[in-house]
Amino acid sequence: ANKKVVGAAKKSPAGSPGKKAASGKTAISVVSNFGCKLCPAEGPSTVQTWGEWDCDPEDTSGCTPSQKHCYGRSFPWHFDMLEKAYVLEGSATLTPDDPALHCAAVTLMPKDMVTFPKGWCCSWEVHSFFRKRYTFFDHNGIQVDEVDEAGDDEAAGTRKRVKK
């Protein structure tokens, strides 16, 4: 796997809090081509039970984003918990709200494994239909579930995700 690290942060182990780069910046980390060349279309087995989220950049209906779906090409986002995500399809560029704090923009592609530190704020620019699997971790590195927002049709868990 090829590793891209935004800023100088090191790859954090699953569930650990976001790492600060040597500069004191909180960076996301991206491992390209995570898994193997022979991985199934839905990703390695370790991510197949994670939640699924998608965004259709061509949908300009003005629908309100939900936990499982987003609409339109551009929107703000706040990661209120440490999140790990595996990109299944599409591409998107994430530009931090404060590059001095959160490092430079990064473009996500299929097969990227991404770690978003708690508190990371950005704007998404979705280039093509984007789909990812994701899960959250608390400050102790323990995987947690989420509570579905009204209108979402998937099973409820124990944790709610807050969006900006």
Side-chain angles (χ1 to χ4, degrees), residues 1-15 18-19 21 25-137 146 149 152-154 161-164:
N2 298 324
K3 183 177 168 191
K4 298 183 276 187
V5 177
V6 180
K10 295 181 179 176
K11 178 182 170 192
S12 58
K19 300 289 183 184
K25 297 179 181 182
T26 304
I28 67 172
S29 65
V30 180
V31 178
S32 299
N33 296 313
F34 183 82
C36 63
K37 292 180 182 178
L38 302 177
C39 281
E42 292 303 306
S45 61
T46 54
V47 307
Q48 291 180 12
T49 59
W50 294 2
E52 191 171 309
W53 180 91
D54 63 44
C55 181
D56 182 355
E58 303 303 318
D59 186 336
T60 57
S61 65
C63 292
T64 303
S66 68
Q67 279 178 258
K68 306 294 181 192
H69 312 283
C70 200
Y71 310 92
R73 191 164 303 281
S74 301
F75 51 90
W77 202 268
H78 173 253
F79 294 88
D80 68 327
M81 295 185 73
L82 181 128
E83 178 181 320
K84 292 235 178 232
Y86 180 81
V87 180
L88 297 168
E89 67 179 290
S91 67
T93 299
L94 282 65
T95 303
D97 290 355
D98 184 354
L101 179 62
H102 296 299
C103 301
V106 62
T107 299
L108 304 179
M109 305 293 289
K111 295 189 174 185
D112 283 352
M113 178 64 81
V114 188
T115 302
F116 300 100
K118 179 180 178 178
W120 207 77
C121 300
C122 67
S123 294
W124 283 68
E125 182 70 28
V126 180
H127 308 295
S128 59
F129 185 83
F130 191 87
R131 192 166 60 102
K132 69 176 181 172
R133 292 214 176 263
Y134 67 94
T135 193
F136 301 110
F137 296 89
E146 62 184 319
E149 294 175 343
D152 275 344
D153 55 2
E154 299 196 13
R161 182 171 190 176
V162 178
K163 295 194 175 86
K164 190 175 184 182

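These figures come from a predicted structure and were not determined experimentally. Just so you know, these numbers use all the heavy atoms, side chains as well, and skip hydrogens, waters and symmetry mates.
Proximity of L94 to W77: side-chain heavy atoms (C-beta onward) are nowhere separated by under 4.5 Å. By the 4.5 Å heavy-atom criterion applied to side chains, F116 and C122 are not counted as neighbours. Looking only at side-chain heavy atoms (C-beta outward), V87 and M109 stay at 4.5 Å or farther from each other. At least one side-chain heavy atom of Y86 sits under 4.5 Å from a side-chain heavy atom of K111.
Without hydrogens or angle criteria, T115 side chain to S29 main chain gives no donor-acceptor distance under 3.5 Å. Q48 contributes a side-chain N or O that, together with a main-chain N or O of G43, makes up a donor-acceptor pair within less than 3.5 Å. Checked by atom type and distance alone, the side chain of D59 pairs as donor or acceptor with a backbone atom of S61 at under 3.5 Å.
Of all non-hydrogen atoms in T93 and A105, the two that sit nearest each other are CG2-CB, 4.3 Å. In terms of heavy-atom proximity, C121 sits nearest to H78 at SG-CD2, 3.1 Å. Nearest heavy-atom pair across P96 and C103 is CG-O, 2.8 Å. The shortest heavy-atom contact between P117 and F79 is O-CB, 3.8 Å. G72 and C55 make their closest contact through O-SG, 3.4 Å (heavy atoms, listed as atom of the first residue, atom of the second, distance). For the residue pair K84 and W50, the shortest heavy atom distance occurs at O-CZ3, 3.7 Å.
Electrostatic pairing of R73 and E58 counts as a salt bridge here, judged by a charged N lying under 4.0 Å from a carboxylate O.
Atom OG1 in T107 sits 10.0 Å away from atom CD in E125 (nearest 0.5 Å). Taking CG from D112 and CZ from F34, the interatomic distance works out to 11.0 Å, rounded to the nearest 0.5 Å. Taken to the nearest 0.5 Å, the OG1 atom of T46 stands 5.5 Å off from the CE atom of M113. Rounding to the nearest 0.5 angstrom, the gap separating the CD atom in E52 from the OH atom in Y134 is 9.0 Å. Atoms OG1 and NE2, from T64 and H69 in turn, are 13.0 Å apart once rounded to the nearest 0.5 Å. Rounding to the nearest 0.5 angstrom, the gap separating the OG1 atom in T135 from the CG atom in L82 is 9.5 Å.
Ring centroid separation for the pair F130 and W124 comes in under the 6.0 Å cut-off.
In this view, E42 and R131, R133 satisfy the salt bridge (Lys or Arg N to Asp or Glu O under 4.0 Å) rule, not counting sequence neighbours.
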